[in-house]
Amino acid sequence: MIKIFDKLKDILGIEGLRIEIIIPAEISKSDESINGKLLFTTKSDKTIKSITIRLIEKYRRGKADKTLIDEYTLSEIEMDLNVDITEELPAKLDFELPISLLKSDMDRYAEGNFVAKNLVKVAKKLKNVKSDYRVEVVAILSDLTLNSIAKQPISII
């Protein structure tokens with residue numbers, strides 16, 4: 001009976017793989033990459049087949065009921081791992097995620113022009129433009145129906 005219960009927990013992802021994303025709280029727009037670590041822990045034996053790490057921008061504009069939201073994947077890396085994880089033996093993985101920020105037409109217009117830069121700031125404030133960024137990790141495990149996912153917000157200044 002316990003084996004059936006354990007198998008059901010594995011299929012549903014209960015007590016599955018826990019992923020901790022260790023990255024700086026903020027980075028500069030001029031940085032070329034995000035350097036970080038992933039810490040994988042579990043309460044039962046798991047095998048990580050592969051992982052995907054993404055930098056995602058959530059771009060909002062507009063006010064109240066006219067708010068528009070889009071999400072853009074700014075960069076992505078995929079790694080085939082085939083790593084066994086146990087409760088006694090967690091795993092760490094260093095990664096370097098390239099940064100490739102998108103620029104709007106307004107941003108490109110404001111580059112190198114002090115007056116235009118200030119006008120763009122005012123226009124963005126009036127249009128309620130805001131971008132939020134996050135690093136997202138998806139781990140594909142063998143013998144599981146659900147993948148393990150972790151998300152960590154990051155500020156890009």
Side-chain angles (χ1 to χ4, degrees), residues 1-104 106-108 124-125 127-157:
M1 181 68 175
I2 302 263
K3 292 280 185 193
I4 295 171
F5 187 63
D6 287 342
K7 189 68 173 171
L8 181 62
K9 287 194 303 187
D10 278 346
I11 291 170
L12 296 174
I14 299 169
E15 291 186 5
L17 182 70
R18 183 175 176 273
I19 305 168
E20 183 180 350
I21 304 170
I22 304 167
I23 54 175
E26 61 183 36
I27 59 168
S28 171
K29 287 182 180 182
S30 62
D31 289 346
E32 294 181 5
S33 63
I34 299 170
N35 294 309
K37 295 181 190 297
L38 300 176
L39 178 61
F40 301 101
T41 56
T42 184
K43 291 188 177 186
S44 58
D45 296 353
K46 304 281 183 239
T47 300
I48 304 172
K49 292 195 313 188
S50 65
I51 62 166
T52 303
I53 306 170
R54 293 182 184 101
L55 175 61
I56 298 172
E57 176 184 12
K58 188 173 191 175
Y59 179 72
R60 292 187 184 110
R61 66 241 181 249
K63 295 183 181 183
D65 60 338
K66 296 186 182 191
T67 300
L68 298 173
I69 301 173
D70 291 310
E71 284 197 354
Y72 302 102
T73 299
L74 302 179
S75 64
E76 175 177 285
I77 55 175
E78 295 181 20
M79 294 184 233
D80 291 327
L81 295 178
N82 228 11
V83 173
D84 293 323
I85 309 288
T86 64
E87 187 171 8
E88 299 82 29
L89 188 61
K92 279 187 182 179
L93 176 69
D94 294 331
F95 69 90
E96 183 175 347
L97 182 64
I99 297 174
S100 176
L101 298 178
L102 298 176
K103 290 186 180 181
S104 68
M106 285 194 308
D107 292 331
R108 283 191 288 276
K124 284 184 173 185
K125 193 148 196 98
K127 292 284 187 182
N128 204 25
V129 172
K130 183 179 179 194
S131 287
D132 295 314
Y133 301 91
R134 73 177 184 272
V135 173
E136 185 174 283
V137 177
V138 178
I140 298 176
L141 308 173
S142 61
D143 301 332
L144 288 182
T145 306
L146 301 174
N147 298 327
S148 294
I149 300 172
K151 300 173 184 179
Q152 180 70 38
I154 188 168
S155 294
I156 300 179
I157 52 172

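For clarity, every value in this text was computed on a predicted model and none was experimentally measured.
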Nearest 0.5 Å, please: how far is [atom2] in [Y] from [atom1] in [X]?
X	Y	atom1	atom2	result
Arg60	Thr67	CZ	OG1	8.5 Å
Ser30	Ile156	OG	CD1	11.0 Å
Ile53	Gln152	CD1	CD	13.0 Å
Met79	Leu38	CE	CG	7.0 Å
Leu55	Ile154	CG	CD1	7.0 Å
Ile140	Thr52	CD1	OG1	5.5 Å

**OP:** Mind checking side-chain hydrogen bond (donor to acceptor under 3.5 Å, both in side chains) for Thr47 and listing every partner two or more places apart, or none if nothing turns up?
**Re:**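 For Thr47 the side-chain hydrogen bond (donor to acceptor under 3.5 Å, both in side chains) partners, ignoring immediate neighbours, are Asp84.
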Original post:
Do side-chain atoms of Ser148 reach the backbone of Leu17 as a donor and acceptor pair under 3.5 angstrom?
Top reply: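 Between the backbone of Leu17 and the side chain of Ser148 there is a qualifying donor-acceptor contact (under 3.5 Å).
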Original post:
Backbone N or O of Leu97 within a donor-acceptor pair of the Ser75 side chain at under 3.5 Å?
Top reply: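 Answer holds: no.
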Any heavy-atom pair between the side chains of [Y] and [X] that's under 4.5 Å?
X	Y	answer
Lys46	Phe40	no
Leu68	Tyr59	no
Ser33	Ile27	no
Ile99	Leu74	no
Leu81	Leu93	yes
Ile51	Ile19	no
Arg61	Asp70	yes

Taking every non-hydrogen atom, the tightest pair across [X] and [Y]:
X	Y	answer
Ile23	Gly36	CG2-CA, 4.1 Å
Phe95	Lys37	CE2-N, 3.6 Å
Ile48	Ala139	CG2-CB, 4.4 Å
Pro98	Ile77	CD-CG2, 4.1 Å
Ser50	Asp80	CB-OD1, 3.6 Å
Leu39	Lys92	CD1-CG, 3.7 Å

Subject >> Lys/Arg-Asp/Glu bridge criterion (N-O < 4.0 Å) met for Asp132, Lys130 >> reply: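 Result for this pair is yes, salt bridge flagged.
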Subject >> Pair listing, salt bridge (Lys or Arg N to Asp or Glu O under 4.0 Å) test, anchored in residues 49-59, at least two apart >> reply: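 Only Arg54-Glu76, Arg54-Glu136 qualify under salt bridge (Lys or Arg N to Asp or Glu O under 4.0 Å).
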Original post:
Is atom CD of Glu71 surrounded by more than 12 heavy atoms (other residues, nucleotides or ligands) closer than 6.0 Å?
Top reply: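 Yes.
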**OP:** Quick one: list whatever passes salt bridge (Lys or Arg N to Asp or Glu O under 4.0 Å) with Glu88, sequence neighbours left out.
**Re:**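 For Glu88, no residue satisfies salt bridge (Lys or Arg N to Asp or Glu O under 4.0 Å) once neighbours in sequence are set aside.
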